[in-house]
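Atoms within a ligand are numbered from 1 in the order they appear, just like the ligands themselves. The analysis underlying the following values was restricted to heavy atoms, covering all of them including side chains, and did not include hydrogens, waters or symmetry mates.
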Amino acid sequence: MEYQIAKGVFDIIPQETSPEDAWKQSSYWQYVEQLARECANLFGFREIRTPLFEKTELFQRSVGTDTDIVSKEMYTFLDKGNRSLTLRPEGTAAVMRCFIEKKLDQQSQIHKFFYIEPMFRYERQQAGRYRQHHQFGVEVIGVNSPYQDVEVMSLLFTFLSRLGLKGLTLNLNSIGSKESRHQYKEALKAYLQPFLLELSEDSQTRFSTNPLRILDSKDARDRKILVEAPSILDFLDPSSQTHFETVCSLLKETHIPFVINPSLVRGLDYYNNTVFEITAQELGAQNSLGGGGRYDGLIKQLGGPDLPAFGFGTGLERVIQTMIAQNVELPKHPHPLLLLIPMGEIAMKKSFELLSLLRKDSLAVEMDFTGKKVKNALRYANHIHAQYIAVIGDQEIESGCLQLKEMATGETTFVAFNEISKRLKNG
Ligand code: HAM
């Protein structure tokens, strides 16, 4: 085969080609995206769409030059005008760029955006990590109340629960203010210094570039050393401490099960105070279904007004994989799907007329245009999972009545042409 798909990306297609690829079926994607929109609307979020690429500097300044995303994973290229551009690796920075550029703060004090978009990261190939992945994300700008944190976390929890996912854990932490984080970094480095040469290679590098990320290491030796490490929660200043306590008690009142995880630091530099991730056991090492947190300084840092913000991103690949692992079934097609099979030229014309009439009534109807044998048409009916078929020939045209055959049971019913719509709508 001359042309093959590039590494780390995948096609989303109507068919299931193998059980491992079941999550690439478009019916799952449509359903999940539709529910994401419904939940976002329910919580008062409105859609925003930003371009696929931005100036590289935007991601360097927001996500942070010492993060894996910026230092290793960005798809960066020069355009024909020699400008450095980058395929969006995450959604937050682009939404903030748009917010600042359009001066949206002048229109209202609070802004709630959501997006469903592909993101691009040059990842090492492994399960659950793709070079193009899709996120449902939300960003709310203008409120620094802990209630806001819990509303957003509750939106993600509602979305995942409405999909039918079980056994979800919300991991919660606070990484405090910039000042408290600075103090904590010093304490963490002082603790790790004697073990420096025993740490994994990645953690040794992070010791000088981004020590907080060592807490996130999956390396067994690192994890052992980290058991006795100081906790960031002991370094919170009074206002971060109160914020965190309120978030915890509101989560309890909202009945969202959560665990406090002082090692949760997230892989992007813009966060402060609350950070969170929702995990599912079925996903193995890459178990984060989605995560986010508060990022109060980012808009100002990018040259905009000093406004607080909070958001999350959830990876739809992992969401669908978890649905499949937990045997979540998709709801049935809302209307029965009928395949009309005309026999001969006159029947073809009559069926084509019927086809458009039924579609005007919003019924999902298809027609076999090939004019070949009924056997071929039946094969096609199976392929498209038609619930009903109807063969139309001279007799049907004369009588103005056709025989509706239910594929699953083989049951047949005579229905007048002008009654088909009513019959199908009644199921
Ligand atoms: P993130 O944790 O980097 O956060 O990504 C959010 C989610 O996207 C992850 O939890 C995971 O489900 C999914 N994800 C990330 N990378 C990949 C990948 N290579 N393959 C498959 N899935 C992936 C952000 O991007 C932040 N912008 C979230 C946010 C919004 N924070 C505040 N607002």
Taking the six-membered ring for Trp and the full ring for Phe, Tyr or His, determine whether the centres of [X] and [Y] are under 6.0 Å apart.
| X | Y | value |
| --- | --- | --- |
| F276 | F258 | no |
| F136 | W29 | no |
| Y295 | F310 | no |

If the threshold is 4.0 Å, N to carboxylate O, is there a salt bridge linking K24 and D11?
no

For [atom], grab the closest protein heavy atom and report residue, atom and distance to one decimal in Å.
| atom | result |
| --- | --- |
| atom 23 (C) of ligand 1 | H133 CD2, 3.4 Å |
| atom 30 (C) of ligand 1 | T92 OG1, 3.1 Å |
| atom 33 (N) of ligand 1 | E139 OE1, 2.8 Å |
| atom 20 (N) of ligand 1 | Y130 N, 2.9 Å |
| atom 26 (C) of ligand 1 | Y270 OH, 3.4 Å |
| atom 8 (O) of ligand 1 | Q135 NE2, 3.4 Å |
| atom 1 (P) of ligand 1 | R266 NH2, 3.6 Å |
| atom 13 (C) of ligand 1 | G315 CA, 3.6 Å |

By number and element, which atoms of ligand 1 are closer than 4.0 Å to a non-hydrogen atom of G292?
31 (N)

For G128, the atoms of ligand 1 under 4.0 Å from one of its heavy atoms are 20 (N), 21 (C), 22 (N)

If the condition is side-chain contact (heavy atoms from CB on, under 4.5 Å), which residues does T409 pass it with, not counting sequence neighbours?
E406, E411

Is it the side chain (CB and beyond), the backbone, both or neither of L268 that lies under 4.0 Å from ligand 1, heavy atoms counted?
side chain

Just heavy atoms, cut-off under 4.0 Å: does M119 contact ligand 1 by side chain, backbone, both, or neither?
neither

Name the option, out of [options], that contains the heavy atom nearest to [atom].
| atom | options | answer |
| --- | --- | --- |
| atom 32 (C) of ligand 1 | A93, G311, G137, G313 | G311 |
| atom 31 (N) of ligand 1 | F113, F312, Y271 | Y271 |
| atom 10 (O) of ligand 1 | S288, G267, A309 | S288 |
| atom 3 (O) of ligand 1 | E90, E317, R121, R131 | R121 |

Run the side-chain hydrogen bond (donor to acceptor under 3.5 Å, both in side chains) check on D237 and S240 step by step: do they pass?
CA-CA 5 Å; D237 56 46; S240 300; 3.0 Å; yes

Applied to residues 41-93, the ring pair (Phe, Tyr, Trp, His ring centres under 6.0 Å) test, sequence neighbours excluded, yields Y75-Y122

H111 vs D105, test: side-chain hydrogen bond (donor to acceptor under 3.5 Å, both in side chains). Steps then yes/no.
CA-CA 8 Å; H111 297 263; D105 62 300; over 6 Å; no

Check for a donor-acceptor pair, side chain of T86 on one end and backbone N or O of R88 on the other, with a separation under 3.5 Å.
no

To the nearest 0.5 Å, atom CD1 of I48 lies from atom NZ of K102 at 8.5 Å

Heteroatom proximity flag, E277 to ligand 1, N/O under 3.5 Å
no

